[in-house]
2 protein chains.
Amino acid sequence: MAAITAVMRSASIFLQRADTILKPYGLTFARFEVLALLGFSSRGSLPMSHASRRLQVHATSLTSSVDRLESAGLVRRVPHPTDGRTRLLELTDSGREVLEAAREQLNIQLFADSGLEPREAAELSGILASFRHRAGDFL
Amino acid sequence: MAAITAVMRSASIFLQRADTILKPYGLTFARFEVLALLGFSSRGSLPMSHASRRLQVHATSLTSSVDRLESAGLVRRVPHPTDGRTRLLELTDSGREVLEAAREQLNIQLFADSGLEPREAAELSGILASFRHRAGDFL
DNA sequence: TTCCAAACCTTGGATGTCCAAGTATATTGT
DNA sequence: ACAATATACTTGGACATCCAAGGTTTGGAA
């Protein structure tokens with residue numbers, strides 16, 4: 001019980017910090033994750049369905065994030081060449097620039113200075129990874 | 001970085017499970033926490049400002065939870081005897097019954113069967129408690 | 001080939017969270 | 001005592017998340 005509430009509180013602390021750091025870039029952590037996923041993908045484009053599975057959010061949540069990213073000119077929805085149902089997400093040039101800048105700030109201000117000792121971070125990752133695995137996370 | 005995303009994902013897994021378990025009672029985890037806090041308080045009533053501090057949510061979030069709890073007849077807002085600004089929250093009889101039933105199910109289905117080994121849960125609690133302390137949590 | 005189930009995405013609605021701003025009441029300092 | 005400040009709560013708006021339901025397009029099965 002204590003462990004579960006601690007996880008929830010800690011997550012909300014991290015989320016608030018991330019959102020604060022990302023605010024100057026017009027991003028939230030949810031939208032940053034979309035950009036980061038696109039940045040990692042080798043071809044630079046990804047079907048929305050893949051993105052929502054990777055990010056572990058419902059398709060509807062992704063739709064709403066992408067709506068905002070597209071309004072901001074950071075990503076584009078393009079038709080899939082062979083599957084009419086699918087829409088591919090692509091970073092725009094502007095999206096790539098914002099991603100790099102935002103990632104750098106997150107690395108500096110959040111990840112490098114998370115408030116966790118390296119040993120603690122490693123233990124957390126280990127425990128939570130096996131928990132998530134048992135919980136069927138990581139489809 | 002991995003630790004932080006693991007914490008966030010795990011929190012959302014726990015939250016989804018809790019909400020699923022609580023759904024039959026017409027509760028969400030956020031609203032359950034309000035009821036549980038009132039259940040713990042010795043006098044059975046608590047100013048909203050205290051509740052929002054204890055639960056670590058903004059006053060506005062609490063207002064919205066309490067609106068729904070009050071509509072469902074589970075809590076009551078009563079005026080503070082000496083401070084006209086303050087409103088006290090009180091469990092109704094129905095609220096107390098729902099709280100007991102919901103708590104029992106959470107204990108059975110979530111806390112006792114969290115997917116964490118006791119040793120893991122203890123380590124998590126320890127690491128996250130010192131993190132939260134350093135982060136200035138627990139006002 | 002035709003038809004029905006499955007997959008992909010979006011819309012609409014509910015909830016929770018935050019912030020900014022507004023109203024009401026207390027408290028503090030001069 | 002009065003004015004300025006602080007506290008308590010609510011309202012309105014933005015965002016993220018989920019679920020249920022609907023439209024399109026595929027693909028497999030009869």
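We name chains A, B, ... by the order of the sequence lines, and we start the count at 1 in each one. Note: hydrogens, waters and symmetry copies are ignored here, and every other heavy atom, side chains too, is used.
- Side-chain atoms of B/A30 lie closest to C/dT17 of the nucleotides D/dC18, C/dT25, C/dT17.
- Nucleotide C/dA7 holds its C1' atom 11 Å from the NE2 atom of A/H50, rounded to whole Å.
- Atom CG of A/D19 is separated from atom P of D/dA14 by 17 Å (rounded to the nearest Å).
- Using a 4.0 Å heavy-atom criterion, one finds that A/D83 contacts the sugar-phosphate atoms exclusively.
- Phosphate proximity of D/dA16 to A/S61: absent, as no side-chain N or O sits under 4.0 Å from OP1 or OP2.
- When the side-chain nitrogen and oxygen atoms of B/T28 are compared with OP1 and OP2 of C/dG16, one or more of them lie within a distance under 4.0 Å.
- Checked against D/dT10, C/dT17, C/dC9, the side chain of A/T86 finds its nearest nucleotide in C/dC9.
- Taking only side-chain atoms of B/V57, from C-beta outward, the nucleotide of C/dC8, C/dC18, D/dC9 with the closest atom is C/dC18.
- Put simply, CD on B/Q56 is 12 Å from P on C/dT17, counting in whole angstrom units.
- Crowding of B/H80 atom NE2: a count of heavy atoms from other residues, nucleotides or ligands under 6.0 Å exceeding 12.
- No option in B/R76, B/R77, B/R43 other than B/R76 meets the salt bridge (Lys or Arg N to Asp or Glu O under 4.0 Å) test with B/E90.
- Residue A/L15 contributes atom CG, which lies 10 Å from atom P of D/dA16 at whole-angstrom precision.
- Side chain of A/T63, nearest nucleotide from C/dT11, D/dA16, D/dC9: C/dT11.
- Projected onto DNA chain D by closest heavy-atom contact, A/A59 and B/P47 fall at different nucleotides, the more 5' of which corresponds to B/P47.
- Here C/dT10 presents its P atom at 9 Å from CD of A/E70, a figure rounded to the nearest Å.
- Contact annotation: the side chain of A/E33 never approaches that of A/S65 to less than 4.5 Å [non-hydrogen atoms, C-beta and beyond].
- Regarding contacts with the backbone of C/dA14, every side-chain N or O of B/R68 stays at 4.0 angstrom or more from both OP1 and OP2.
- The side chain of B/T60 lies closest to C/dA20, out of C/dA20, D/dC15, D/dA20.
- At distances below 3.5 Å, at least one donor-acceptor pair connects side-chain atoms of A/R17 with backbone N or O atoms of A/S114.
- Note: A/R103 CZ to A/L99 CG = 4.5 Å, rounded to the nearest 0.5 Å.
- Rounded to an integer number of Å, the gap from CG of A/D67 to P of D/dC15 is 11 Å.
- Neither OP1 nor OP2 of C/dA6 sits under 4.0 Å from any side-chain N or O of A/R85.
- Using a 4.0 Å heavy-atom distance criterion, B/T20 is classed as making no nucleic acid contact.
- Within the 4.0 Å cut-off from OP1 or OP2 of D/dT7, not a single side-chain nitrogen or oxygen of B/S49 is found.
- A salt bridge links B/E123 to B/R119: one of the charged nitrogens lies within less than 4.0 Å of a carboxylate oxygen.
- Nearest to the side-chain atoms of B/M48 among the listed nucleotides C/dT15, C/dT17, D/dT10 stands D/dT10.
- Closest to the side chain of A/Q16, out of C/dT10, D/dA8, C/dC18, is C/dC18.
- When the P atom of D/dC9 is taken as reference, atom CG of B/L89 falls 8 Å away, rounded to whole Å.
- Closest to the B/R31 side chain, of the nucleotides C/dG16, D/dC15, D/dC18, is C/dG16.
- To the nearest angstrom, P of D/dC9 lies 13 Å from CG of B/L55.
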